[in-house]
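Working notes, structure below.
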There are 2 protein chains.
Amino acid sequence: MTTGTKRASGAGTKGVPRVEREQEILQLASVAFGTAGFAATNVADVAREAGISKPLVYNYFGSKEGLYAACLDAAGSLLADEIERIARGDAVGIERGLRTMEGMFAVLEDRRHVWRLLHDRTAPTTGRVADVVAQHTARIDKLAHEGVHELLALAGVTDELDVSAMTATWLGIVDSLMDWWVAHPDQGAEQMARRVGRLVGALLVDANRSES
Amino acid sequence: MTTGTKRASGAGTKGVPRVEREQEILQLASVAFGTAGFAATNVADVAREAGISKPLVYNYFGSKEGLYAACLDAAGSLLADEIERIARGDAVGIERGLRTMEGMFAVLEDRRHVWRLLHDRTAPTTGRVADVVAQHTARIDKLAHEGVHELLALAGVTDELDVSAMTATWLGIVDSLMDWWVAHPDQGAEQMARRVGRLVGALLVDANRSES
DNA sequence: ATGAATTGACTTCTGGGTAAGTTACCACCA
DNA sequence: TGGTGGTAACTTACCCAGAAGTCAATTCAT
C-alpha cells in the first residue's frame, strides 16, 4: 500500500474510508428500521442523521430496499449464527430455550432493535428484501422448529400442527421479551436471563400446584 | 318511526340504510387494516371493495384515522368485554390463561384479523386513534396484568418488573397464536383451544422431567 | 322541484428516486 | 513549484408516483 497518507481517492468530507462510512449508515439505518419499521422509515432522515446527503445513500446501497437488505444481512447472520452455536450444545427442552434466550440477550445487548428487522410486517414481501428475510428466517425457524419438536416429543406430542403452533408461539415469546427489553434499556443481559429463568420457574410451581 | 318504507332519505344505490352500509364498510376495513396494517391500507381500495366511492367513506368517517378508530372501537369492545367476562370467573393462574384463550378463540372465530388492529405499529401514535387504542389496550392490559400478578404471586414472585415482563410475554403468546390461527383458516376455535391445552400440558411434562 | 346522498375530477403533499452540476484529490508535465 | 486535465465523491435541485383529502356537479327519492 502507499506509504503515509492512505490511498483515499476522491473528495471525502473527511478522509473517512467508504467502508467505515457505510458501516455507520447501516448502524443508523438499523436503528431507524428496527424502531419505526421499513415503511415508516425515511431514507432522507437516515442520510441527515449520518450527516450525508440522500443521493449518497443511494449511491452506496442502490435503493431503500437495498439499504434494508444490507441491514438485514448483518442482523440475520448475527442472530442465526448465535442460535446455531447454541443449538450445537447439548441442552434440550426448556433448558435449550433458556440457553437460547441467554445467547440472544448477550448478542443483542446493545443492538436490541435488530431483532425487529426480521419480523417487520411493513417490509416488502417480494424481491431482494424478501429473499434475504426468507434466507435468515429459514435458518432461525428451522432451529426453533427443531428445538420445539424435540421438546414436544419428550412429552409424547408429535402432531405436526402442534409443533408448528408451538414454534410460532416460541418465536412470539422471544419477540415480546425483546420488545420489553427495548422498552427497559436499563436492564442488562444477565439480568434479563435471570428474570426469564425466574418466570419459567414460577410457571412450573403454579402448574404443579394446580395439578394437585 | 315512519311506517312501511323505512325513512331512507337521499339516493342510495340501493335502498340500503346508511347504518347497514357503514357496518359493511367497517367489516371490510377491519380486514384490510388487520391484514395489511394501517399505513399500508388504502382508503380508495376499501371503498372499491365496498362498492362505493372514496368521498363517501370520508363522508361517513371523516378521515382514514376516523375509519380506523371506528374499526378499533368495535374490535376493542368485543375483545375487552369478553376478557372481562372471563376474568369475572374463578379460574386462576394457568387455568385462567387457558380460559381466556378459549374465550378469545370463540369470539374471534370468524374475525381473526381484528386482534391485530390493537397491536398495529403503523397506526398513528397521537390523536384520536391513539386515544382509542390506549383506552382499549388499557382495559386489556389491566386484566392481563391482574392475571399474571395473581399467577406469579402464587409462586412467590412479586417483583413488579417480573410481572411487567411476564404480562408482555403473555400478550405476545396470544398474539402469535392469533397469527398462527390466521395462517391456518381450517382450524376451528375448539380445535385451537384443545391444541393450546395440549401444548401447555406438554410443557409441564417436560419441565418435571428436566427437574428430576 | 328540492335537497340529501353520492361521485368524478381535482388539489396537495409526502417520499422514493435521479440528472446534472460542484468540489476535492491525484497524476502528469513543464 | 505550479498549472492542467481527469476522475471519483458528493450535493443541490429536481421529477414523479401514489395516496390523503376536497368540491362542484350529478343522481335519485320524495
Side-chain angles (χ1 to χ4, degrees), chain A residues 1-25 29 32-33 36-71 122-124 126-129, chain B residues 1-22 24-25 29 32-33 36-70 122-124 126-129:
Chain A
M1 78 166 64
T2 63
T3 59
T5 75
K6 58 265 127 207
R7 56 94 173 85
S9 63
T13 310
K14 299 277 182 58
V16 183
R18 166 166 172 162
V19 183
E20 216 169 281
R21 189 171 281 199
E22 279 186 5
Q23 220 54 37
E24 189 198 339
I25 298 174
F33 283 133
F38 177 82
T41 295
N42 186 312
V43 177
D45 287 347
V46 173
R48 194 173 330 111
E49 271 178 62
I52 61 175
S53 69
K54 185 169 60 150
L56 190 52
V57 175
Y58 279 86
N59 187 17
Y60 286 172
F61 301 99
S63 66
K64 185 182 182 181
E65 293 202 18
L67 178 60
Y68 190 64
C71 293
T122 70
T126 57
R128 172 125 176 275
V129 166
Chain B
M1 88 169 51
T2 63
T3 59
T5 75
K6 57 268 127 200
R7 57 98 174 79
S9 62
T13 309
K14 299 276 182 58
V16 183
R18 166 166 174 163
V19 182
E20 218 169 280
R21 189 171 279 199
E22 279 187 4
E24 190 198 339
I25 299 173
F33 283 133
F38 177 82
T41 295
N42 186 313
V43 177
D45 287 347
V46 172
R48 194 173 330 111
E49 272 179 62
I52 61 176
S53 69
K54 185 170 60 149
L56 191 52
V57 175
Y58 279 86
N59 187 17
Y60 286 172
F61 301 100
S63 67
K64 185 181 182 181
E65 292 202 17
L67 178 60
Y68 190 64
T122 70
T126 57
R128 172 127 175 274
V129 167

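Numbered from 1 within each chain, the chains take letters A, B, ... in sequence-line order. These numbers were taken from a predicted model, which means no experiment stands behind them.
Between A/Y58 atom OH and D/dC14 atom P the separation is 19 Å, expressed in whole Å. As rounded to whole Å, 15 Å separates atom C1' of D/dT12 from atom CD1 of A/I52. One interatomic measurement links the two molecules: CG of A/D45 to C1' of C/dT14, which rounds to 11 Å at whole-angstrom precision. Counting to the nearest Å, the P atom of C/dT6 and the CZ atom of B/R48 are 19 Å from each other. The CD-P distance, from A/E65 to C/dG15, rounds to 17 Å in whole Å. Distance, B/L56 CG to C/dA5 P: 10 Å, rounded to whole Å.
Nearest to the side chain of B/K54, among D/dC10, C/dG17, D/dA20, sits D/dA20. Listed nucleotides C/dT6, C/dG17, D/dT11 differ in distance to A/P55; the shortest reach to its side chain belongs to D/dT11. The side chain of B/S53 sits closest to C/dT7 out of C/dT7, D/dC10, D/dA13. Side chain of B/N42, nearest nucleotide from D/dA19, D/dC10, C/dT6: D/dA19.
Taking 4.5 Å as the limit, every side-chain heavy atom of B/Y60 sits out of range of all side-chain heavy atoms of B/L67. The closest side-chain heavy-atom distance from A/E49 to A/I25 is not below 4.5 Å.
Note on A/F61: nothing from the nucleic acid sits closer than 4.0 angstrom, heavy atoms only. Contacts of B/N59 with the nucleic acid, taken as non-hydrogen atoms under 4.0 Å apart, include base atoms.
Taking only side-chain nitrogens and oxygens, B/Y60 comes nearer than 4.0 Å to OP1 or OP2 of C/dT6. Residue A/R21 has a polar side-chain atom (N or O) positioned under 4.0 Å from OP1 or OP2 of D/dC10.
At distances below 3.5 Å, at least one donor-acceptor pair connects side-chain atoms of A/K64 with backbone N or O atoms of A/T41. Side-chain atoms of B/T122 do not come within 3.5 Å of backbone N or O of B/G37 as any donor-acceptor pair.
Contact between B/G66 and B/R128 at its shortest, heavy atoms only, is CA-NH1, 4.0 Å.
Residue side chain B/K64 does not reach the base of D/dG21 through any donor-acceptor N/O pair under 3.5 Å, judged by distance alone.
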